[in-house]
Amino acid sequence: MIKALPAFVAIPLITAFVLPLFGKKGKGAATVLANVATISLVVLAVLCIGHRGVYLLGKWSIPLGINLVLDGLSCLLLLAISVVSAAAMLFSARYMERYTAKSKYLSLFMLMVAGMNGLVLSGDIFNLFVFLEIASLASYALVGFGCEHEELEASFKYMVLGSIASAFILFGVAMVYGNTGSLNMAYISKAIQSSGMNNGLAFALSLFIAGFGLKAALVPFHAWLPDAHPSAPAPISAMLSGVLIKTLGVYALCRTVFNVFGVSVAVGWVVIALGVLSMLVGVFLAVGQWDLKRLLAYHSISQMGYVALGVGLGALILARGGEAKWARLAILGGLFHLVNHAVFKSLLFLTSGSVEMATGTRQLKQLGGLATVMPITRATCAVASASIAGVPPFNGFWSKLVLVIAAVGAGFYGLAAVTLLVSLVTLISFLKIQRYVFLGELPENLRHTQESKGPMLVAMGFLACLCVLMGLLLLVPALRQSILEPAVDVLTEGVKYSAAVIKGS
Amino acid sequence: MLYSLCFLLFMVGLYCAVVKKNMVKIVIGIMIMEYAANLFLIMLGYRLGGVAPIIDRDHVDLETGQIAASFVSSCVDPLPQALVLTSIVIGLGSLALMISLCVRVYGKYGTFDITEIRRLKG
């Protein structure tokens, strides 16, 4: 399985460069090819479960060459990326028909997937930066894909903040190289363990937190997200909110904080503070929104806060030397919420795309009564709303429950209370969506609205099933031990990562 | 000391990107930031009076087959140069995309002033 690791980058990259060759006439063939590529990535990711190891590119030994590392955390992220991208690609097969240049869209989509897969697998910090740039450049272009006033403005804003974040990260990479003389994450971690932190490394760590925080849209770095995510075409909003901010932001942050630099009390508090701020600010800004997609985008900020809170709490407990079981539980909650959010938020964006395509508007006040004309969209949207609000037995409930138990167990009652409060406000704002979009009077001009057809329904139904079933990931011990526990192990083992990578090569 | 000048250049770029109202100037600011990072990388590998990191006949002791100590202590580090090449190419890509966005925005709004390009609120 380790031999197949380059395929995660190679398949989408090659597809991305083949797709534009089809041109206007081969649109159907291009769509089929892109779908085959994303589905084959899902199969590959499923096959990777339970494996871990290091792939040496070109057989160069580890500090000299480039290496790809597969471990529990990468595997979890690969699964999330491939599942969400397969659903979004299926959805775009029909949704993107109204845009011109569909093959260019498909090509950019595949580039973004290639960048994210590469980032998750990369074992050295400079390649992490390169893949991050591939994914971000593709996403800037996709946000502005509609080429109308709003799209271009949002894309420019996103691009300016994204490029500043990239410059921070590049500067951080340079600082790390200057202080440790290595770019391989395992060797950097080894060097930091033997020589300890110095001012240069602490500065690099703060640059990384700012850079990845900007990419993850944690408050106070969130300004671009509520513009960028709604302006993109719906499947791209699903990809951006579903996996891009997680891979580029939270995953990269976890990797550097836990595995490269090692946890410390100060960093734990910083991440918790970012998480709590994001949860509160995101959710209170969301409640007042009247644009469907904008409301969802603010919720992305707030839900990312949950993930940051879980991971930060774990880091804090580990750094203090507290009880390992609460640290594990907090990290488990954070990571589980990450994958859950990937599924339900992409489903929510897809349903919003379905509503927008059928009615031509996404202003809540102009909609209403769609439950009768769009029953399937309504049902899937209700499932996703229940998940995000934490209604049992849907997946969001389980991850929030784990987070609350971990916070109470470790004695952080305030954090547990904040989690519950934010969950309540989330519930209110999703009741608002149900009320204004699907219930109430059907406006006169929407009488002839048609339900979406074909692949769009398949994509939404698939994600809705996942929302219902993903609680099993936590409840069935065999599934938990093969998917979630290895990812938690990677983070709790912390800097032992370097020994594992060096030994595994 | 020289390194802090790099950081100063980085901050100049950041200031320009954050404060300026003209889109093109913002793009210039971002590029200054990227080049400051590139310059920093290059300086990390540089040494005063260094030689190119290419081993030729003069640097090898022909009897023992060992590389001369003078070469090891005076050659510059080639790795940052490779990194900078990569990051310059990435910078070129993002610059091209940013400038084309500026052109399209100008076509739609007829201005480069970001205080007038404000349709998205809330």
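Side chains are part of it too, since the values below use all heavy atoms of this structure and drop only hydrogens, waters and symmetry mates. Order of the sequence lines fixes the chain letters, A, B, ..., with proteins taken first and strands second; residue numbering starts at 1 for each chain. The structure presented is a predicted model; accordingly, all values stated were derived computationally and were not measured.
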J.: Determine, using ring centers only, whether A:F203 and B:F7 are less than 6.0 Å apart.
T.: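 Yes.
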J.: Check whether A:E151 gets within reach of chain B through its side chain, its backbone, both or neither, counting any heavy atom under 4.5 Å.
T.: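 Nothing of A:E151, per the 4.5 Å heavy-atom cut-off to chain B.
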J.: Taking side chain as everything from C-beta outward and backbone as N, CA, C, O, which of these in A:L161 sits under 4.5 Å from a heavy atom of chain B? Side chain, backbone, both or neither.
T.: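 The answer is neither part of A:L161.
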J.: With no hydrogens and no angle check, just 3.5 Å: does a side-chain donor-acceptor pair link A:T361 and A:Q366?
T.: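 A pair is found: one side chain offers a donor N or O, the other an acceptor, under 3.5 Å apart.
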J.: So what's closer than 4.5 Å to chain B heavy atoms on A:F171: side chain, backbone, both or neither?
T.: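 Backbone plus side chain of A:F171, per the 4.5 Å heavy-atom cut-off to chain B.
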J.: Non-hydrogen atoms of chain A under 4.5 Å away: do they reach the side chain of B:M43, the backbone, both or neither?
T.: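 Neither part.
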J.: When you measure from the centre of the six-membered ring of A:Y187, is the NZ or CZ of A:K190 closer than 6.0 Å and no more than 45° off the axis?
T.: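 Judged by the rule, A:K190 and A:Y187 form a cation-pi pair.
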J.: Heavy atoms only, distances under 4.5 angstrom: which of A:E153, A:M159, A:E133 has the most pairs with chain B? Name it, please.
T.: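 Looking at each option in turn, the highest pair count goes to A:E153.
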J.: At a heavy-atom distance under 4.5 Å, which candidate from A:F168, A:Y140, A:F129 has the highest pair count against chain B?
T.: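 Of the options given, most contacts go to A:F168.
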J.: Identify which part of B:I117 has an atom lying under 4.5 Å from any heavy atom of chain A, answering side chain, backbone, both or neither.
T.: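 B:I117 touches chain A through backbone and side-chain heavy atoms alike.
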J.: Does a donor on one side chain and an acceptor on the other come within less than 3.5 Å for A:S241 and A:H229?
T.: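 Judged by distance alone, the side chains do pair up.
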J.: Just by distance, no angles: are the side chains of B:T115 and B:D113 close enough, under 3.5 Å, to form a donor-acceptor pair?
T.: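 Yes, a side-chain donor-acceptor pair sits under 3.5 Å.
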J.: Between B:F112 and B:Y106, does the ring centroid distance fall short of 6.0 Å?
T.: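 Yes; B:Y106 has its ring centre under 6.0 Å from that of B:F112.
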J.: Side-chain donor-acceptor pair under 3.5 Å between A:Y158 and A:S139, yes or no?
T.: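 Side-chain D/A pair, A:Y158 to A:S139: present.
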J.: So what's closer than 4.5 Å to chain A heavy atoms on B:I26: side chain, backbone, both or neither?
T.: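 The side chain, not the backbone.
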J.: May I ask you to name which of A:C147, A:S136, A:A154 has the most heavy-atom pairs under 4.5 Å with chain B?
T.: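 Highest number of pairs under 4.5 Å: A:C147.
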J.: Who among B:M98, B:E34, B:M31 has the most heavy-atom pairs with chain A under 4.5 Å?
T.: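 Most heavy-atom pairs under 4.5 Å with chain A: B:M98.
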J.: Is a side-chain donor-acceptor pair under 3.5 Å present for B:D77 with A:Y177?
T.: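 Distance-only check passes for A:Y177 and B:D77.
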J.: Among B:V105, B:I90, B:L41, single out the residue with the greatest number of heavy-atom pairs under 4.5 Å to chain A.
T.: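 Greatest number of close heavy-atom pairs with chain A: B:I90.
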